[in-house]
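When reading the values below, keep in mind they use all heavy atoms of this one structure, side chains included, and skip hydrogens, waters and symmetry mates. Protein chains get the first letters and strands the later ones, always in sequence-line order, with residue 1 at the start of each.
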Amino acid sequence: MSVPTITIADAHRHAGESVRIPGWLYNLRKSGKIVFPLLRDGTGIMQCVAVKSAVPEALFDKIKDLTQESSIIVTGKVRAEQRAPGGFEMDLEDLEVLQRVPESDPYPITPKEHGIDFLMDHRHLWLRSRRQHAILRVRHEVIRAVRDYFDSNGFTLIDTPIFTPAACEGTTSLFELNYFDEEKVYLTQSGQLYNEATAMAFGKVYCFGPTFRAERSKTRRHLTEFWMVEPEMAYATLEDVKRVAEEMIVFIVGRVLENRRPELKELERDPAKLECIQAPFPRISYDEAVKILQAKGSEIQWGGDFGGGDETLLSEGYDRPLMVDRYPSAIKAFYMQPDAERPELALGVDVLAPEGYGEVIGGGQRIHDLDLLLRRIEEHGLPKEAFNWYIDLRKFGTVPHGGFGMGIERCVTWLCGLEHVRETIAFPRMLYRTRP
RNA sequence: UCCUCAGUAGCUCAAUGGUAGAGCAUUCGGCUGUUAACCGAAGGGUUGUAGGUUCGAGUCCUACCUGAGGAGCCA
């Protein structure tokens, strides 16, 4: 008679049955004649139990001598048990050891606390911990929600290139590499310019992929390689962009609350902080933001950009994301459409997450007028030849259009209530850290 | 790139300029309901590197290396 192979996540459906679960030994608690191995299988953690008098001696000895993170396949009967974490427990009947981790070189991440440097050096193993597991499952939920939101709202996924011939935005630094020793190309820092082309072909589009910034930033909000989702819409105004950004965030938060409650609990994240993320989000202008900041004691002057502290000051007092729009054109990218009533302002919007998490979305309406775009390219000293295709978009059926970009890691950091973005991606790439 | 802080056992951290310590991990022993289990014992050190001051440096000084936090910039 063969027993079914199941996952720990499904164990509650097999109470009273004998089943087989492949996994790894998460931890082992011993008490003389009774042992409690904790099995981890990627879907959850289950406590097993073996009493010396109730199992064959060879089996008991094999369990007793297991080491942390050894790969094992357990067989036993699942039973509801109040005392077990998770509410279910397995009475062990058999154990197959695929690889026993030797004592001479034990698993380095013990159940005690560790420093961040050590954990980052062992990131490939750290991913097995409950906390990292919870964070990456929330990340997965966020990504799935993003795709579902756009897919069910008429957007077409169109991926943009990662090798690009020039800067999308002249301001930030790019990673440069040799392209067959024939020319220099750069790793993309945004798919936006290409998406403006695809939006003119498909109406509503989005891209979702890795993005690279060679900024020498060393803060809790920065990675050199991160994932960004960027929708772009033809015939869209700044107001349309703001509405979509708001709807998307509400949708994502709703999905996380619906499907990832246990993960939020593992992370000790108060779900009430997310339950209040409902439309409408507060909206203020750059002008108002500057006045608010000055009243709160910030050094900011009109015309300057917000620092990290300014973003925190602005978003405190709101329990939901704050939308700030109409920034001075001078501090924004060359492609930003000016405000018709006040041409010194750009029709851009930033979305600042609550609780001091800062900017998670940046976007706005793009310039659709050919002459204005040419003028801006010149003013910013950009090489016109490299933008010929982009300029074409204003020559052949140009329309008002806009979109935004959302950094996935910053969003996950906020939703999980984390201190640092580095835990929201499996293998973070940061200034001074490219390994493992 | 700049500013601040840190580097001592495998890990997390102590140690007034005067003998290098603890908890966890590992090994051995004990324990029939543990929840980062607990109790007892043992092994484990070129104090990041190179100089300097001093009778004497983990501790003070200089440079460098590595990491962390922050700034600017950004999602």
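When the P atom of rA75(B) is taken as reference, atom CE of M228(A) falls 7 Å away, rounded to whole Å. Nucleotide rC11(B) holds its C1' atom 14 Å from the CG atom of L125(A), rounded to whole Å. The nearest whole Å value for the distance from the CZ atom in R221(A) to the P atom in rG72(B) is 8 Å. Spacing between atom CD1 of I34(A) and atom P of rG33(B) amounts to 7 Å, rounded to whole angstrom units.
A distance cut-off of 5.5 Å between ring centres, combined with a plane angle under 30°, leaves F36(A) outside any stacking arrangement with the base of rG33(B).
Using a 4.0 Å heavy-atom distance criterion, D350(A) is classed as making no nucleic acid contact. Backbone-only engagement by R422(A) is indicated by non-hydrogen atom pairs under 4.0 Å involving sugar-phosphate atoms exclusively. Within the nucleic acid shown, L223(A) comes within 4.0 Å of at least one base atom, counting heavy atoms only. Using a 4.0 Å heavy-atom distance criterion, E409(A) is classed as making no nucleic acid contact. Note on T211(A): nothing from the nucleic acid sits closer than 4.0 angstrom, heavy atoms only. Y432(A) comes within 4.0 angstrom of the backbone, heavy atoms only, and of no base. Among the protein residues, V360(A) comes within range of the sugar-phosphate backbone only, with heavy atoms under 4.0 Å from sugar or phosphate atoms but none that close to a base. Residue contacts shown for E113(A) include a base, since a base heavy atom lies under 4.0 Å away. P108(A) comes within 4.0 angstrom of no nucleic acid atom, judged by non-hydrogen atoms across all strands. Across all strands, K52(A) comes closer than 4.0 Å to no nucleic acid atom at all (heavy-atom distances).
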- Yes or no on salt bridge (Lys or Arg N to Asp or Glu O under 4.0 Å) for D287(A) and R342(A), after CA distance, side-chain angles and deciding distance? CA-CA 12 Å; D287(A) 286 353; R342(A) 290 177 59 192; 2.5 Å; yes
- Query: Does the pair K204(A) and D240(A) meet the rule for a salt bridge (Lys or Arg N to Asp or Glu O under 4.0 Å), with working shown?
  - Reply: CA-CA 12 Å; K204(A) 293 200 284 186; D240(A) 297 324; over 6 Å; no
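Nearest to the side-chain atoms of P111(A) among the listed nucleotides rG33(B), rC74(B), rA36(B) stands rA36(B). Among rU32(B), rU12(B), rA75(B), the nucleotide with an atom closest to any side-chain atom of R410(A) is rA75(B). Between rU12(B), rC11(B), rG67(B), one nucleotide has an atom nearer to the side chain of H114(A) than all others, and that is rC11(B). Between rG33(B), rA71(B), rC73(B), one nucleotide has an atom nearer to the side chain of R79(A) than all others, and that is rG33(B).
Nucleotides rU49(B) and rU66(B) have their P atoms positioned 15 Å apart, rounded to a whole Å.
Using a 4.0 Å cut-off between charged side-chain N and carboxylate O, R283(A) and D325(A) make no salt bridge. Using a 4.0 Å cut-off between a side-chain N of Lys or Arg and a carboxylate O of Asp or Glu, E359(A) and R221(A) do not qualify as a salt bridge.
Residue side chain R29(A) does not reach the base of rC31(B) through any donor-acceptor N/O pair under 3.5 Å, judged by distance alone. Taking only distance into account, the side chain of S104(A) never meets the base of rU26(B) through a donor-acceptor pair shorter than 3.5 Å. Side-chain atoms of E89(A) and base atoms of rG33(B) include a donor and an acceptor less than 3.5 Å apart.
Mapping M430(A) and S217(A) onto RNA chain B by nearest heavy atom places M430(A) at the nucleotide closer to the 5' end. Along RNA chain B, the nucleotide closest to R433(A) and the one closest to Q68(A) are compared, and the more 5′ of them pairs with Q68(A).
rC11(B) is paired with rG23(B) under the Watson-Crick or G-U wobble criterion, all donor-acceptor distances under 3.5 Å. Nucleotide rG72(B): unpaired (no Watson-Crick or G-U wobble partner with both distances less than 3.5 Å).
Listed pair R216(A) / rU1(B) meets the phosphate criterion, a side-chain N or O lying under 4.0 Å from OP1 or OP2.
The aromatic rings of H124(A) and H122(A) sit parallel, their planes meeting at an angle under 30°, below the 60° perpendicular limit.
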